[in-house]
S.K.: 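Here it is, the structure in full.
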Amino acid sequence: MSASNAFAGKVVTRFAPSPTGFLHIGGARTALFNWLFARHHGGEFHLRIEDTDRARSTEPAIAAILDGMTWLNLNWDGEVVYQFSRAGRHAEVAHQLLASGHAYRCYATPDELTALREEQRAAKQPMRYDGHWRDRSDRPNDVPYVIRLKAPRDGAVTLHDKVQGAVTVNNTELDDFVLLRSDGTPTYMLAVVVDDHDMGVTHVIRGDDHLNNAFRQLALIRALNWEEPIYAHIPLIHGSDGAKLSKRHGALGVDAYRDEMGLLPEAVENYLLRLGWGHGDDEIISRDEATGWFELAGVGRSPSRFDIKKLENLNGHYLRAADDGRLAALITARAAAALGRELTADDQALLQRTMPELKKRASNLNELAASSLFYLRSRPIPMDEGAAKLLASATPGLLDRIRARFAAQDDWSAAALEQVARDMATSEGAKLGQIAQPLRAAVTGSAQSPGLFEVLEVLGRQEVLGRIDDVLAG
RNA sequence: GGCCCCUUCGUCUAGCGGUUAGGACGUCGCCCUUUCACGGCGAAAGCACGGGUUCGAUUCCCGUAGGGGUCACCA
């Protein structure tokens, strides 16, 4: 029975992170691929928390994983499985293996193992357990032991991986790894195999840092005489320097992409999807399209580098496509923090109304919030460097003359106001920009803003005249 | 170091024996324009190297180089 055979039954995938840190971007992509594959085939996608390492697993990490999955809208089927809760079952399988002669007790102490590794390192030999207790019948009393798998020593194993293709490893490369620790708790290797089997997982899609583990797990599965899942080891995401993504690359939790970088989940998803996978020339891919198109055969075998620029560009695209009310809500907290006050319902409405123009000018929520502030500020508004320059170099008396024309203006629509400015430019023999730029600076406190006359209309006559007065007074 | 994997523009990728090697991000230029964006148009930029196989290799095979992953009573 080869794992490369076409799969006929119901697809079951899982994402199985260990809660020893945040949900990072690589894990998120693994989760996404598992999710897409399951949904594409109308199967199930499960979430399993691999918390067998009691010392390193933490509650905050678990919360961060669930939070990240939820934010990315990667909904899982059924209850979350906590691996540690299944320790009894894992031990049971280990002892079953012991009874069937596929495993044995090893009484080697940590010191002995360290010494063995030192020896092997010195002799430039591969560092592997030597199987000292593999075939011995003597049993020291009152000495702690671990249970090791009696792994095959001859021949080779070929894994038919859906992404990596046929990969063959000699059994001499594998040693008798530990199944059950001396304290009776299971190792990762045992727990994964037992849980995947018990959960009915049909396709194991994970990072290719697990490729070597697959051979050990296969040995275990065969000793158990269980059905082998289909494997797909996807390449890791690397930093811009080509090495595995880590802290020094700014490998952050997905919460940082949401909170600190102000990205939209659909942008992160689209970016992650295109990392290592492609569908012709398509770049902007909806979730529905992705679900319809995704297949493991399309996953490349080479690692890809994380490119924040492309992610930001994609985010800009999704920002422009996003609902205005949603965006207004998303930047509320950021705007409130910058303003030092809560936003009112009127503020919210104003943000939503101005959003179509604001969102064209931002590539993330931070920029979007910052660009909206001038609408919300109370007088006198601060002038940034660019605005100060514009005002300093404006023609003398310009603002006074603009103010006079605006003060006499009845129709406060953008179109009418633009006409006022154009008339003034004509009569003064100036270019529109010479008038518009200083005016923009006075009214927005910046050299850049959405269309000036729309801004004037939104701000209203009183506020505009007031802001001009503030500058004239200052 | 052993084993395993990878190698198309700077980056993500399309390509699955014959193409002017396509798209996207980024970069540069132009257009639009009251600014910044958005949008539109255009440019520079790539098959790591060496052998084969073949009428013909980016594509198939073998080396070399480079990169990566992994070698725990961690997962």
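So you know, we letter chains A, B, ... as the sequences are listed, proteins then strands, and number each from 1. Atom set for the values below is all heavy atoms of this structure, side chains included, hydrogens, waters and symmetry mates excluded.
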S.K.: Is B/rC60 paired to anything, Watson-Crick or G-U wobble with both distances less than 3.5 Å, and if yes, which nucleotide?
M.R.: B/rG52

S.K.: Give the minimum heavy-atom separation between A/E367 and A/R361, together with the two atoms involved.
M.R.: OE1-O, 4.3 Å

S.K.: Identify whether any heavy atom of A/P17 sits under 4.0 Å from a base atom; if not, whether one sits that close to sugar-phosphate; answer base, sugar-phosphate or nothing.
M.R.: nothing

S.K.: For the side chain of A/R440 and the backbone of A/V443, is there at least one donor-acceptor N/O pair under 3.5 Å apart?
M.R.: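 No: the side chain of A/R440 does not pair with the backbone of A/V443.
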
S.K.: Checking all strands, does A/H279 fall into the base, sugar-phosphate, or nothing category for heavy-atom contacts under 4.0 angstrom?
M.R.: nothing

S.K.: Hey, does A/N213 reach any base, or is it just sugar-phosphate, or nothing, if we go heavy atoms under 4.0 Å?
M.R.: base

S.K.: When the C1' atoms of B/rC60 and B/rG15 are compared, how many Å lie between them, rounded to an integer?
M.R.: 15 Å

S.K.: Using whole Å, what does the distance between atom P of nucleotide B/rU35 and atom CG of A/L358 come to?
M.R.: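 Interatomic distance, CG of A/L358 to P of B/rU35: 18 Å.
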
S.K.: What is the distance from atom CG of A/L275 to atom NE2 of A/H238, rounded to the nearest 0.5 Å?
M.R.: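 NE2 of A/H238 is found 10.5 Å from CG of A/L275.
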
S.K.: On a whole-Å scale, what distance lies between the P atoms belonging to B/rC62 and B/rU19?
M.R.: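 That atom pair is separated by 25 Å.
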
S.K.: Give the rounded distance in Å between these two atoms: CD1 of A/I284 and P of B/rG39.
M.R.: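 Nearest whole value for this atom pair: 10 Å.
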
S.K.: Take atom C1' in B/rU27 and the same atom in B/rC9, then report the distance between them in whole Å.
M.R.: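 Pairwise C1' distance, B/rU27 against B/rC9, rounds to 12 Å.
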
S.K.: Can you see if the side chain of A/N170 gets near the phosphate of B/rC3 - specifically, an N or O under 4.0 Å from OP1 or OP2?
M.R.: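 Answer is no, no contact under 4.0 Å.
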
S.K.: Give one of base, sugar-phosphate or nothing for A/V178, where a contact means two heavy atoms less than 4.0 Å apart.
M.R.: sugar-phosphate

S.K.: Just to be sure I understand the rule, does A/P110 reach a base, reach only the sugar-phosphate, or reach nothing, if contact means heavy atoms closer than 4.0 Å?
M.R.: base

S.K.: Can you tell me the base-pairing partner of B/rG66? Count Watson-Crick or G-U wobble geometry only, both distances below 3.5 Å, and say none if there is no partner.
M.R.: B/rC6

S.K.: Taking B/rA48 as the reference, what is the distance to B/rU8 when you measure between their P atoms (whole Å, please)?
M.R.: 6 Å

S.K.: Is the gap between the ring centers of A/F33 and A/F15 under 6.0 Å?
M.R.: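 Centroid distance A/F33-A/F15: not below 6.0 Å, so no.
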
S.K.: Sort out the partner of B/rA44 for me: Watson-Crick or G-U wobble, both distances under 3.5 Å, none otherwise.
M.R.: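 None - no nucleotide pairs with B/rA44, as no candidate has both distances under 3.5 Å.
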
S.K.: Report the residue from A/D51, A/D196, A/D195 that forms a salt bridge (Lys or Arg N to Asp or Glu O under 4.0 Å) with A/R86.
M.R.: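 Passing option: A/D195.
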
S.K.: Measure from the side chain of A/V169, starting at C-beta and using heavy atoms only, and say which of B/rG69, B/rC4, B/rC25 lies closest.
M.R.: B/rC4

S.K.: Look at A/T187 and B/rA72 and indicate whether a side-chain polar atom (N or O) is within less than 4.0 Å of OP1 or OP2.
M.R.: no

S.K.: Quick check for you: among B/rA75, B/rC73, B/rU34, whose closest atom lies nearest to any side-chain atom of A/V146?
M.R.: B/rC73

S.K.: Which letters describe nucleotides 5-12 of chain B, given B = protein heavy atom under 4.0 Å from base, S = only from sugar-phosphate, - = neither?
M.R.: SSS---SB

S.K.: Let me spell it out: for each of A/C106 and A/N313, pick the nucleotide of RNA chain B with the closest heavy atom. Which residue's pick is nearer the 5' end?
M.R.: A/N313

S.K.: Base, sugar-phosphate, or nothing for A/A387, non-hydrogen atoms under 4.0 angstrom?
M.R.: nothing

S.K.: How long is the line joining CG of A/L368 and C1' of B/rC36, in whole Å?
M.R.: 14 Å

S.K.: Taking all non-hydrogen atoms of both residues into account, name the closest pair between A/D208 and A/P235 and its distance.
M.R.: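 Shortest heavy-atom separation between A/D208 and A/P235 comes out as OD2-CA, 3.4 Å.
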
S.K.: Does the B/rC36 base have a donor-acceptor partner in the side chain of A/R361 within less than 3.5 Å?
M.R.: yes

S.K.: Nearest whole angstrom, please: distance from the P of B/rA75 to the CG of A/L220.
M.R.: 14 Å

S.K.: Select from A/L311 and A/D175 the residue whose nearest nucleotide in RNA chain B is closer to the 5' end of that strand.
M.R.: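 Nearest nucleotide further toward 5': that of A/L311.
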
S.K.: Heavy atoms under 4.0 Å, any strand shown: does A/T52 hit a base, just sugar-phosphate, or nothing?
M.R.: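 If one applies the 4.0 Å heavy-atom cut-off, A/T52 turns out to touch the sugar-phosphate alone, with no base involved.
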
S.K.: Mind checking the C1' distance from B/rA75 to B/rU70? Whole angstroms is fine.
M.R.: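 These two C1' atoms come out 13 Å apart once rounded.
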
S.K.: In whole Å, what separates the P atom of B/rA45 from that of B/rU53?
M.R.: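 To the nearest whole Å, 33 Å.
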
S.K.: Expressed as a whole number of angstroms, how long is the span from A/F453:CZ to B/rU35:P?
M.R.: 11 Å

S.K.: Ignoring hydrogens and angles, does a donor from either the side chain of A/D281 or the base of B/rA24 sit under 3.5 Å from an acceptor on the other?
M.R.: no

S.K.: Which nucleotide, in any strand shown, forms a Watson-Crick or G-U wobble pair with B/rU34, with both distances under 3.5 Å?
M.R.: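 Checking every strand shown, B/rU34 finds no partner, since no pair has both distances under 3.5 Å.
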
S.K.: Quick check: are there more than 12 heavy atoms from other residues, nucleotides or ligands sitting under 6.0 Å from CG of A/D154?
M.R.: no

S.K.: Considering only B/rC38, B/rG26, B/rA75, which nucleotide approaches the side chain of A/K360 most closely?
M.R.: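 So the side chain of A/K360 is nearest to B/rC38.
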
S.K.: Looking only at atom C1', what distance separates B/rC6 and B/rU64, rounded to whole Å?
M.R.: 15 Å

S.K.: How many Å lie between CZ on A/F406 and P on B/rU34, as a whole number?
M.R.: 15 Å

S.K.: Under a 3.5 Å cut-off for both distances, is B/rG1 Watson-Crick or wobble paired, and to whom?
M.R.: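 B/rG1 is paired, partner B/rC71.
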
S.K.: Can you tell me which nucleotide in B/rA75, B/rG39, B/rC36 comes closest to the side chain of A/R320?
M.R.: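 Of all the options, the side chain of A/R320 is nearest to B/rG39.
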
S.K.: Looking at A/S449 and B/rC36, is any side-chain donor or acceptor paired with a base atom of the opposite kind under 3.5 Å?
M.R.: no

S.K.: Do A/H317 and A/N270 have side chains that get closer than 4.5 Å, going by heavy atoms?
M.R.: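 Of all side-chain heavy-atom pairs linking A/N270 with A/H317, none is under 4.5 Å.
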
S.K.: Tell me what A/R128 touches on the nucleic acid: a base, only sugar-phosphate, or nothing, going by heavy atoms under 4.0 Å.
M.R.: nothing

S.K.: Measure the distance from CD on A/E173 to P on B/rG1 and round it to the nearest whole Å.
M.R.: 15 Å

S.K.: If you compare every side-chain N and O of A/R148 against the phosphate oxygens of B/rC73 (OP1, OP2), does one of them come in below 4.0 Å?
M.R.: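 Checking B/rC73 against A/R148, a side-chain N or O does come within under 4.0 Å of OP1 or OP2.
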
S.K.: Strictly distance-based, threshold 3.5 Å: is any side-chain N or O of A/Y271 a donor or acceptor partner for the main-chain N or O of A/D307?
M.R.: yes

S.K.: Tell me the interatomic distance from A/E357, atom CD, to B/rG39, atom C1', rounded to whole angstroms.
M.R.: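 That distance rounds to 12 Å.
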
S.K.: Have a look at A/H210 and tell me which of A/F215, A/Y188, A/Y231 forms a ring-ring contact (aromatic ring centres under 6.0 Å, His included) with it.
M.R.: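 Between A/H210 and the candidates, ring-ring contact (aromatic ring centres under 6.0 Å, His included) is satisfied uniquely by A/Y188.
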
S.K.: Write down the distance separating the P atoms in B/rA43 and B/rC25, rounded off to the nearest Å.
M.R.: 15 Å

S.K.: So which atom in A/N315 and which in A/L264 form the shortest heavy-atom distance, rounded to 0.1 Å?
M.R.: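 That would be OD1-N, 2.7 Å.
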
